[in-house]
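Let me begin by presenting the structure, written as structure tokens, before commenting on it.
To find a chain, count down the sequence lines: A is the first, B the second, and so on, and within it residues start at 1.
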Amino acid sequence: MAHRILAITTWPGLIVAGLVTFFSLGTLLSVGLRADGFSALDPFDWAAVRFTVVQAFWSAALSIAFAIPVARALARRKFWGRKALITLLGAPFILPVIVAILGLTAVFGRGGIFSQVLIWAGLEPISIYGFHGVLLAHVFFNLPLATRLLLQGWAAIPAEQFRLGETLNFSSHDSFYHIEWPMLRGLISGIFAIIFLICTTSFAVALTFGGGPKATTVELAIYQAFKFDFDIGKAALLASIQFVICGVAAVLSLWLHLPQAIMAGHDRVVQRFNISRVDIRMLDFLWITLATLFLLLPLSAIVIQGSQSFFLLPETVWLAAGRSLVTALGSAVLAIVFSLALALAALKFRWLEGVGMLSVAASPLVMGTGLFICVFPFIDPANVALLITALVNAVMSLPFVLRAIGPAVRATEARFGPLSDSLGLVGWARLRLVVLPRIRAPLGFSAGLAAALSMGDLGVVTLFARPDGATLPLQIYRLMGAYRMDQAAAAALLLLLLSLGLFYIFDRGGRANA
Amino acid sequence: MLNLTDVYLRQDDFELRANLTIGDGRCVAVMGPSGAGKSTLLSILGGFQTLTSGRLTWHDADISDVPPSQRNVAMVFQDNNLFPHMTAFQNVGLGIAARLKLRKAEVDRVNTALDAVGLAGLGARRPSELSGGQQSRVALARLLVQRKPLILMDEPFSALGPAMRLEMADLARDIAERTSATLLMVSHDFKDVERIADDVIWVEAGVCLPPQPLSEFLASPPSGFTDYLG
């Protein structure tokens, strides 16, 4: 197959690979070089390292523990709204962290519904700050992810196995141990690793719910070392530790088996037999109800609280929304260009897709710090805050985007490559007439994902932005800090609508008339 | 004139040898048992596979290392001949300009080609809105506008019913004659071959025999042929 390769040039992909490598590894290096000697880590920093690992461990363990009964109930029950609930389970992936935090505060915070119920029952209300709050937020985000991944596992069990179980007179208990548990055993470690990885990079959750010596993640410690102490040496050292933690978790999650397609649909209800007993039915519906409430109550709280003062939002919020929108759209364009260039070049050099996945192990705050150091001698970093935010967001979304676009590009080339070659379709014409139209759906999905992730990002921008240059998530954080909770809720509602709206428009655009 | 001089291809434990000449304007059927190397022969001619050794010449020019898009070859594959997201018109238009920027005269040529294969007025349809036979006609219409001197077809109509297949074989031969092209068609159906072929290339066990006129081939068929017919 000697002539089939140079249909589209590979240099854009190689340039992007260089860029991603610089963002993931080069920024770390530049932080390290700029450090004037490594100041030793104090006990506070070690506490941060310990907290990062411990909270990530428990976040992953609890998310999976709750996801198993929820996924099991969803897999074997048919009910009105099932499809909507499964769609809802996909929402936290693109939900801005700050919105979820406000919603969780409204439900579980001091004045929230949950605390009211506890007080009414004569119990102490729980505290949403510190370890508990961080776990709560992480389970909120990752329980749905774990549930969707496990649902795929249930859908993959052949129906014949349950039929066989029926002929062998299996009880519900027997089915679990002989049929369902073997499937779970294969999946759980992979799901655990991916959730662990996600939680180790937690910044916005720790920034709002955490803090203090007992609940600071490494990411938050980097931010504090940089922003408050301007101790670049310590920031660099913490950044290296963060890179190792993420790297180990990333290698584990790549190595362990994981079902593909995080956002894929799963509508099949597996035909089951021994589940009609009333107590089993009650239990299933209890889990489904609890999971639904857990997801819906915080979101509803934002909608209800936010809509009251939605039209009274100050101009600063609308300006911040405008900046966020520009950043999100820019980030989506960059993510698409980067991933497309990488995926096309990866047809020839397969390892290039691996380069695109590098940012899985990188920390956005390390990237931000490194870029700050790189641009600082030339321009005021605050002038390019949005550009850097868009770039970092694009690079951070590459691992997800590439998973959608890479296989689609390969499939298109496998199916239409020979025909395109024989017609002399090369270069730009090949891209415009063959590749792009064939991968429209994953392209739209990816653009929506990248835009929504960037829209809701509260990370690197905190390092750079001027007081009058905030993005919408940062503006909400500032409103929260000033205890203007009504405005914060209204702004959160706006952010929620913008994020979901961006995702919906792009995803829909990719699928229309396809 | 297409010359294969000591052509040899090795791929893992598969081998193919050919030493033969195909005359201009001939309509040649490529036959042989499954896995013998018929499709590989076409891939070599189309430029999708490079030779391990040997030489491929077209009118005395060595084309052994010329990439597919630079060869004067048009191909019809077994499937995936049409881009499903393009209209019939666009799929044919690709045969003139890969960028699909067509001048007025070229638009007329595409429409004439669609008329010639019996698809007048259906240019705006996408492949999914056409029947299997109509989809084959679109691929054949593209051959008309491509005007390549060598047409390679790899079981192009195997998805169609017998009557439709004969009709398409006739149309393919007609198109080859109109564009004065040499036509090589891999086929499994002896009826198609009898209907349109001037010559037969028999491929068996990794060896391509030189083309023989159909009547001679039938008068003294190779030993594998009787087994093949069953």
List, one per line, each side-chain donor-acceptor pair under 3.5 Å for residues 147-157 of chain B, sequence neighbours excluded.
from	atom 1	to	atom 2	distance (Å)
B:D154	OD1	B:S39	OG	3.3
B:D154	OD2	B:S39	OG	3.0

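- Residues forming a side chain to side chain donor-acceptor pair (under 3.5 Å) with B:S131 (at least two apart in sequence, or on another chain): B:Q134.
- Residues of residues 84-94 of chain B having a heavy atom under 4.5 Å from any heavy atom of chain A, listed by number: B:P84, B:H85, B:M86, B:L94.
- A salt bridge links B:R173 to B:D198: one of the charged nitrogens lies within less than 4.0 Å of a carboxylate oxygen.
- Tested against B:L16, the residues B:V207, B:L51, B:V203 include a single side-chain contact (heavy atoms from CB on, under 4.5 Å) partner, B:V203.
- Taking the charged nitrogens against the carboxylate oxygens, A:D421 and A:R430 do have a contact shorter than 4.0 Å, which makes a salt bridge.
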Return a table of donor-acceptor pairs under 3.5 angstrom between the side chains of residues 328-343 of chain A and protein atoms on other chains or two or more places apart.
from	atom 1	to	atom 2	distance (Å)
A:S331	OG	A:A390	O	3.4
A:S331	OG	A:A394	N	3.3
A:S339	OG	A:A335	O	2.8
A:S339	OG	A:I336	O	3.1

